[in-house]
Novice: 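Mind having a look at this structure? Questions to follow.
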2 protein chains.
Amino acid sequence: MEMKSVTRSLRVLEAVARHQPVTVGELTKLFGLPKSTLQRTLVTLNEAGWLRANRKDTTRWEIGARVLAVRPAALQGSSLFAAAREPMIRLRDAVNETIHLSVPDALHGMVVVDRVDCDHAVRTFHSIGDTSPLHATAAGNAVLAHLGKSEIDEVAAGTLEGYGEETITDPGQLRGELHRVRERGYAVNHNQYLQGVCAIAAPVLDSEGTPLAAVAVSLPDSRFEPGRLPELGRLVAETAAEITARHLA
Amino acid sequence: MEMKSVTRSLRVLEAVARHQPVTVGELTKLFGLPKSTLQRTLVTLNEAGWLRANRKDTTRWEIGARVLAVRPAALQGSSLFAAAREPMIRLRDAVNETIHLSVPDALHGMVVVDRVDCDHAVRTFHSIGDTSPLHATAAGNAVLAHLGKSEIDEVAAGTLEGYGEETITDPGQLRGELHRVRERGYAVNHNQYLQGVCAIAAPVLDSEGTPLAAVAVSLPDSRFEPGRLPELGRLVAETAAEITARHLA
DNA sequence: GCATAGCGTGTCACACTGTGGCACGTGACT
DNA sequence: AGTCACGTGCCACAGTGTGACACGCTATGC
């Protein structure tokens with residue numbers, strides 16, 4: 001079950017996305033593969049519409065718009081994405097902090113799918129497409145808390161990697177935290193994953209209670225005030241509830 | 001320059017995107033290929049992270065989150081996308097009609113990259129990722145009008161496919177229309193492409209005047225009032241200008 | 001002005017890859 | 001039990017993609 005050319009083509013696609021507009025030569029250095037091989041790959045991807053030549057320098061390649069037609073199941077019909085946008089902007093306006101929408105991917109991590117920025121000079125930054133661990137982030141915990149027991153066990157049984165002093169690495173402690181998340185309706189991350197980054201998150205559930213995504217307020221440690229937690233938590237949970245409602249409508 | 005397996009894999013990816021969550025059997029009917037071939041493709045795409053098994057029915061496949069890492073690159077570094085969002089929502093609030101953001105793809109068509117919905121019961125509908133011809137849509141004309149003469153020639157020299165009574169299929173007539181678009185700052189489509197669908201669009205330009213995208217107000221024929229055109233056109237053009245300004249900032 | 005080095009592009013024989021016919025296990029419906 | 005359709009697994013062979021090599025071009029250095 002190899003399909004070498006396919007896996008390589010997809011890796012090339014990802015490399016082009018990160019380095020666009022990029023030339024064949026630059027890619028040979030990145031991959032250590034023969035020029036002919038890479039060029040053949042680029043031409044093929046181009047013919048398929050997934051890549052295109054830069055309009056100004058036709059030897060440089062960039063991502064084609066075809067990619068946009070391929071959307072993750074979590075965003076199917078764009079309804080979740082569309083439903084989330086305006087509530088997210090309102091939440092940002094209310095708290096003036098960066099808001100993220102993330103979806104779980106194969107129980108291995110959360111992926112940022114949308115973002116609304118605040119206007120502080122100092123702010124947290126995560127690109128769309130970035131991934132983060134379930135057990136060490138607010139968005140991850142918000143989702144995890146509403147998964148079935150078997151799925152929680154699966155995650156807790158795996159290695160709970162530590163990223164710093166605050167990371168929860170003990171399965172029992174994680175279960176306790178998830179219980180608290182369920183009770184108060186929102187999850188909190190205080191320096192558990194990235195140093196200096198805090199977040200408050202709440203889950204977006206489908207009609208059966210399965211978590212589809214999480215909305216999170218993300219802010220620098222320097223602006224984190226424990227006293228405001230209940231208020232922020234309430235706002236985030238309300239936003240998540242509104243997204244859920246719009247999504248079902 | 002074939003790369004049969006790669007092209008096929010990408011086709012499969014697109015098919016999965018359209019039909020997710022989908023089974024092997026359904027795909028064999030779509031492609032007329034052996035089950036083994038398709039399954040091998042699915043497994044490979046899954047291992048690459050672009051596909052994943054549905055959580056409830058593990059024999060059904062859907063698009064994985066990996067594509068999100070590539071997606072922002074398709075939106076010109078994502079800054080355009082982010083810059084456009086809030087002006088688009090304001091425009092929607094002002095006119096209560098569906099707003100689209102589209103980018104040109106390889107001079108062959110426009111691709112919808114973002115959408116803000118109105119709240120009418122009757123509304124136009126285009127999914128993100130949908131494509132439409134340059135010569136027969138408002139967004140297409142808005143972009144085309146600001147391309148170089150050689151590029152306009154290229155399009156005009158090609159076949160200007162007709163989609164109905166109103167479609168401009170004559171190259172000379174198209175040039176005249178594009179001239180008018182440049183003069184008044186916005187393009188209008190009255191049933192030229194899809195029957196019953198009208199739109200008013202304006203281009204988003206980069207610092208050199210190259211069109212990067214177009215914003216469009218899209219509405220059903222039944223709500224189209226010629227008398228409101230100047231006002232709508234002005235609003236759309238202002239929105240496009242604001243997106244341009246934010247994008248450069 | 002000539003040499004060199006780097007680029008993108010093109011070619012081709014060979015090895016190895018992906019192919020697809022076939023067969024198995026399973027679960028649903030008759 | 002019997003039938004059917006499904007997802008999955010296997011393997012010989014044909015056809016595919018591979019990558020060393022070569023070409024033309026441009027920029028840079030001597």
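Lettering follows sequence order; numbering is per chain, from 1.
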Novice: If the condition is ring pair (Phe, Tyr, Trp, His ring centres under 6.0 Å), which residues does A/H126 pass it with, not counting sequence neighbours?
Specialist: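 Counting only residues at least two positions away or on another chain, A/H126 forms a ring pair (Phe, Tyr, Trp, His ring centres under 6.0 Å) with A/H100.
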Novice: In this structure, how many angstroms lie between the P atom of C/dC7 and the CG atom of A/L42, rounded?
Specialist: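 Taking atom P of C/dC7 as the reference, CG of A/L42 is at 15 Å.
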Novice: So, taking the atom named CD1 in A/I168 and the one named CD in A/Q192, what distance separates them when rounded to the nearest 0.5 Å?
Specialist: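 The CD1 atom of A/I168 sits 5.0 Å away from the CD atom of A/Q192.
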Novice: Whole angstrom is fine here: how far is it from CZ in A/R60 over to P in C/dT9?
Specialist: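 Taking CZ of A/R60 and P of C/dT9, I get 12 Å after rounding.
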Novice: May I ask you to evaluate whether B/T23 reaches the phosphate of D/dG7, defined as a side-chain N or O under 4.0 Å from OP1 or OP2?
Specialist: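 Yes, B/T23 has a side-chain N/O under 4.0 Å of OP1/OP2 on D/dG7.
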Novice: According to salt bridge (Lys or Arg N to Asp or Glu O under 4.0 Å), does anything in residues 167-181 of chain B pair up with another residue at least two apart or in another chain? List the pairs.
Specialist: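 The answer is B/D153-B/R175, B/E177-B/R180, B/E177-B/R184.
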Novice: Specify the separation, in whole Å, of atom CG of B/N54 and atom P of D/dC6.
Specialist: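 Atom CG in B/N54 sits about 18 Å away from atom P in D/dC6.
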Novice: CG of A/L27 versus C1' of C/dC7: gap in Å, rounded?
Specialist: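 It is 14 Å, rounded to the nearest whole Å.
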Novice: Is there a side-chain polar atom (N or O) of A/K29 under 4.0 Å from OP1 or OP2 of C/dC7?
Specialist: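 For A/K29, the contact criterion (side-chain N or O under 4.0 Å from OP1 or OP2 of C/dC7) is met.
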Novice: Is A/Q39 near enough to C/dT9 that one of its side-chain N or O atoms lies under 4.0 angstrom from OP1 or OP2?
Specialist: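 Answer is yes, contact under 4.0 Å.
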Novice: How many whole angstroms separate atom CG of B/L45 from atom C1' of C/dG18?
Specialist: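 These atoms are roughly 14 Å apart.
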Novice: Once side-chain hydrogen bond (donor to acceptor under 3.5 Å, both in side chains) is applied, do any residues pair with B/R11, and if so which ones, sequence neighbours excluded?
Specialist: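 Partners of B/R11 by the side-chain hydrogen bond (donor to acceptor under 3.5 Å, both in side chains) criterion come out as none, since no residue qualifies.
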Novice: Considering residues at least two apart in sequence or located in another chain, which fulfil the side-chain hydrogen bond (donor to acceptor under 3.5 Å, both in side chains) criterion with A/S9?
Specialist: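 Partners of A/S9 under the side-chain hydrogen bond (donor to acceptor under 3.5 Å, both in side chains) test: none.
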Novice: Could you measure the distance from the CG atom of A/L212 to the OG1 atom of A/T244? Nearest 0.5 Å is fine.
Specialist: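 If we round to the nearest 0.5 Å, A/L212:CG and A/T244:OG1 are 7.5 Å apart.
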Novice: If each of A/E26 and A/S5 is mapped to the nucleotide of DNA chain C with the nearest heavy atom, which maps nearer the 5' terminus, i.e. the 5' end?
Specialist: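 Between the two, 5'-proximity favours A/E26.
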Novice: How would you summarise protein contacts on nucleotides 20-30 of chain C per nucleotide, using B for base, S for sugar-phosphate only and - for none, with heavy-atom distances below 4.0 Å?
Specialist: BBB--------
Novice: For the pair made of CG in A/D57 and P in C/dG8, what is the distance, rounded to whole Å?
Specialist: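 Taking atom P of C/dG8 as the reference, CG of A/D57 is at 9 Å.
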Novice: Roughly, in whole Å, what's the span from CH2 in B/W61 to P in D/dG7?
Specialist: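 Interatomic distance, CH2 of B/W61 to P of D/dG7: 11 Å.
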Novice: In chain order, what residues pass the side chain to side chain contact (heavy atoms under 4.5 Å, CB included) check against A/E26, with sequence neighbours excluded?
Specialist: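 With sequence neighbours excluded, A/E26 shows a side chain to side chain contact (heavy atoms under 4.5 Å, CB included) to A/V22, A/T23, A/R60, given in chain and number order.
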